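Heads up: the structure comes next, in structure tokens.
Note that the structure is a prediction, hence the values are computed from the model and not measured.
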Amino acid sequence: MDILLSGSLLNSDYADRARTVLPFNLRQVPAFLLGSLFARMEEYTNTLPLTFWVGTWNVNGGKGMRTTGGTDRPIDDWLLDCAAQAKENKTNFLLGSWDPNKPVDVFAVGFEEIVDLNASNIMAASTTNQRQWCTDITATINKRGHYVLVNSVQLVGVCLFVFIHVKHVPYLRDVATAMVKTGLGGATGNKGGVAIRFQLYNSSLCFCCSHFAAGQSNVNERNADFQEISRKLVFPADLTPHGHDFVFWCGDFNYRIDMANDYVRDFIKNANWPSLMEGDQLLFSKKDGKTFEDYVEAPVLFAPTYKYDLFTDQYDTSEKCRTPAWTDRVLVKGRKFGELEWNEFSIVYYGRSEIQSSDHRPVNALIEADIHVTDERRCEAVLEDILATLGPSDGTVIISADEPNALYEPEVYSSVMGAMALLGEILLIRYSGAHLCVTFSTGQSALKAAQFDGTEIMGRVIRIELCLTDWRDVLDKVISLCRNTAVALSDTGAPLLLDENLISMHIPLSDPSASGLNDLEILEGEEVKPTAGKEFAGSLANMALSEAADVYAAGAHEWGLNEATSPDIIPIQKVPPPRPPPSRPPARPAPPKAREAVTPPVVTPPVVTPPVDPWAVESDPSTVSEFQPVETVSTLHDILARGAPAPVNWDPWGSEPSTFSPSIPPLTKPSFDTTVGSSEASTESPPPPPPPPRRRVGQQLPDVLRSIAK
């Protein structure tokens, strides 16, 4: 059915859980095995409790901590010291058994209105504030540990950053982002949502940040924004936020309090939060199932976060005098597998911080969630146990009796089938000669039936055998075909996503220049740093040095070298560069100038020698006769009309030309040999054959008809 609807099995619940829980080489096993594996997940998985910091702040177009006033508090109170201050001041919600000094594993920081929501930013939002906030947050949270940025995503004013501790980076994969616009019916991004998802160990996590429609009475629009963002936030493999093990959703939801402004302010002065929550629009919509269904929010024990005058503790005193409200919220959801509470979490802190640089106050929550870690060896053992008890895929047994046609007797047939019906659901019964074939709904029922082989019923010995006797070999073959045969390029556990500065090289090499890295400064135990004017990736340098060390180790092993026989490391010698190949001789160089003929004293007129062809065949010395002067040729027309000059014995590679032939053959029209590299003189080509006679179509037709007639 999944193939007919979507073209693949990747969007089914089994496939999603297989990608998350099962090892990499077992994710393509058949569906009938996945159900049995997931039913026994507790046998091969462990839980790892991790702490997640999730917060949201509408910064009203602010540009980071540099915009805060002199009397304002730094963002350390929001990012680092929120739980400690809550325990000290007895404010906000804090679980009594929680240790405020426990380090955070993942930070998810959401912002709204990170840029001014003007026309230019809505069309093409600037990322300057995003980069500045990323720098400020990184510098702040790294005071308590070493965190790296997983990813960030921005939709006009909505922005989300996710940071993770470096110790968890090797177990992080499948990072993806998505965004949805909801402003002006989905045309603009002044309102909308963004999300970042990834898999950590064997649990899938999704972090969402959104900004819903504003207005005191626009509750239905806010509910519609949530439904649209939930439906349109789609990741690779058709994953949605609700298809993850944990969903952390924060943002400026703009849900207001349906009470008069004076009553709301009186309840705030008296810190009467339960009475104030009775008018919360989010609480009403959630109970009606219109928004954030199955999401959990901790008790709200802090004052409304909207709307304040800038750099004061006073709620809105402008002409609009807006009613205070809890617009900024954080909610969490864990996915259930049927009735099983598989993904357990608890919100240990929920409160706000007093940063006054915006008309909103920042809100954050600390969540402790149980992340699942799969033990591959135990998973393989469970799979083998399942295969041993799975039974044949056809679920068919063949029943026979010691006496022929005994199974046709009504009493015997009723007794046998009554016993078979107790073992499982029967799908098909049919006779095959003197045998009775019974097909069960599962292979386990067929295995149970085969255990009653040799049972005596009404004085007859009943034989029960499996129709598919080699069913285990068939299953093993199916599993081997479904297993992923990809092999990792490296068996080391070194993380590949860490920053290059965290990876140092510890390969002793006596002569680093021998590996071809002459342009790198290499120190034992130090990281690779390129010299001035050169840019080399540290990972490539490590790879080259590792290969050089492997080559040396392989050579030492082959020649039997060890510490006893080779006290010193044999340096790798430089190989001199090969000599360049001899240059190719030029193609047919121009002939040198002919020597002036030495005229005998008796001859008075000067002699002009003819042009010499250097590629002519060497003439026979015995045929050389006395020199005779020739007439001077002055034009190319005369050369072509009168013929080519006599050949000369001349070596184009440096030998001296021979004596000219005194006898001049008759001048003929020259024929030039166009073959490249030919060392012989060109010969006269034969005249081309005459063209065939041209006939009209009417003249050729009788010849064609005569040939057909023959």
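Here the side chain of Arg17 pairs no donor or acceptor atom with the backbone of Leu22 at under 3.5 angstrom. Not a single donor-acceptor pair under 3.5 Å links the side chain of Arg329 to the backbone N or O of Cys250. Gln356 places no side-chain N or O within 3.5 Å of a backbone atom of Asp313 that could act as its donor or acceptor partner. A donor-acceptor pair is defined here as one N or O able to donate and one able to accept, closer than 3.5 Å; no such pair exists between the side chain of Tyr349 and the backbone of Asn364.
Test Asn254, Asn60, Thr56 against Glu112 for side-chain hydrogen bond (donor to acceptor under 3.5 Å, both in side chains) and you get one pass: Thr56. Only one option out of Trp53, Tyr295, Phe207 pairs with Phe248 in a ring-ring contact (aromatic ring centres under 6.0 Å, His included); it is Phe207. Under the side-chain contact (heavy atoms from CB on, under 4.5 Å) test applied with Phe345, the options Ile367, Asp245, Asp370 reduce to a single match, Ile367.
Val300 is listed as a side-chain neighbour of Trp326, based on a closest heavy-atom distance under 4.5 Å. Counting only heavy atoms from C-beta outward, the side chains of Val148 and Phe163 never approach each other to under 4.5 Å. Residues Val348 and Phe93 are not in side-chain contact: their nearest non-hydrogen atoms beyond the backbone lie 4.5 Å or more apart. Val169 is listed as a side-chain neighbour of Ile164, based on a closest heavy-atom distance under 4.5 Å. Within the 4.5 Å cutoff, the side chain of Phe52 has heavy atoms near those of the Ile371 side chain. Residues Val104 and Leu366 form a side-chain contact, since some pair of their non-hydrogen atoms from C-beta on lies under 4.5 Å apart. For the pair Lys191/Phe212, no side-chain contact is recorded, criterion being any heavy-atom separation below 4.5 Å from C-beta on. By the 4.5 Å heavy-atom criterion applied to side chains, Thr45 and Asn202 are not counted as neighbours.
Donor-acceptor pairing under 3.5 Å is recorded for the side chains of His211 and Asp252. Inspection of the Arg335 and His244 side chains reveals no N or O donor paired with an N or O acceptor under 3.5 Å. Using a 3.5 Å distance cut-off with no hydrogens or angles, the side chains of Asn46 and His372 do not pair a donor with an acceptor. Between the side chains of Thr127 and Arg131, at least one donor-acceptor pair of N or O atoms lies under 3.5 Å. A donor atom on one side chain and an acceptor atom on the other are found under 3.5 Å apart for His360 and Asp328. Between the side chains of Thr188 and Asn190, at least one donor N or O lies within less than 3.5 Å of an accepting N or O. Side-chain contact annotation: Gln130 with Ser152, donor-acceptor N/O pair under 3.5 Å present. A donor and an acceptor atom, one from each side chain of Glu376 and Tyr44, are nowhere located under 3.5 Å apart.
Considering CG of Asp136 and CD1 of Ile75, their distance stands at 6.0 Å, rounded to 0.5 Å.
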Applying ring pair (Phe, Tyr, Trp, His ring centres under 6.0 Å), run through Trp133 and Phe111 and close with a yes or a no. CA-CA 10 Å; Trp133 270 111; Phe111 293 99; 4.5 Å; yes
Which is it for Leu50 and Val106 under the side-chain contact (heavy atoms from CB on, under 4.5 Å) test, yes or no, and what are the steps along the way? CA-CA 8 Å; Leu50 297 182; Val106 178; 5.6 Å; no
Full working for side-chain hydrogen bond (donor to acceptor under 3.5 Å, both in side chains) between Lys333 and His242: CA-CA 8 Å; Lys333 176 186 176 182; His242 303 302; 3.2 Å; yes
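Salt-bridge check for Glu380 with Arg377: failed, with every basic side-chain N at 4.0 Å or more from each acidic carboxylate O. Residues Asp81 and Arg144 are paired through a salt bridge, judged by an N-O separation under 4.0 Å between the basic side chain and the carboxylate. Between Glu354 and Arg361 there is a salt bridge, since a side-chain N of the basic residue sits under 4.0 Å from a carboxylate O of the acidic one. The existence of a salt bridge linking Lys286 and Glu297 is excluded, since no basic side-chain nitrogen approaches an acidic carboxylate oxygen closer than 4.0 Å.
Heavy atoms of other residues, nucleotides or ligands lying less than 6.0 angstrom from OH of Tyr171 number 12 at most. Residue Glu88 qualifies as open at atom CD: its count of foreign heavy atoms under 6.0 Å is 12 or below.
Here Phe253 and Phe226 keep their ring centres 6.0 angstrom or further from each other. Residues Phe107 and Phe161 place their aromatic rings such that the two centres sit no closer than 6.0 Å. Ring-centre distance between Phe292 and Trp249: below the 6.0 Å cut-off.
A cation-pi arrangement is present between Arg222 and Tyr255 under the rule of less than 6.0 angstrom and at most 45 degrees off the ring axis.
Residues Val158 and Gly192 share a closest heavy-atom pair of CG2-O, 4.2 Å. Between Ser204 and Gly243, the shortest heavy-atom distance links the atoms OG-O, 4.4 Å. Taking every heavy atom of both residues into account, Leu94 and Ala86 meet most closely at CD2-C, 4.4 Å. Shortest non-hydrogen contact noted between Asp174 and Arg197 is O-NH1, 2.8 Å. When every heavy atom of Val59 is checked against every heavy atom of Glu113, the shortest pair comes out as CG2-O, 3.4 Å. The two residues Cys159 and Cys209 have their closest heavy-atom pair at O-SG, 4.0 Å.
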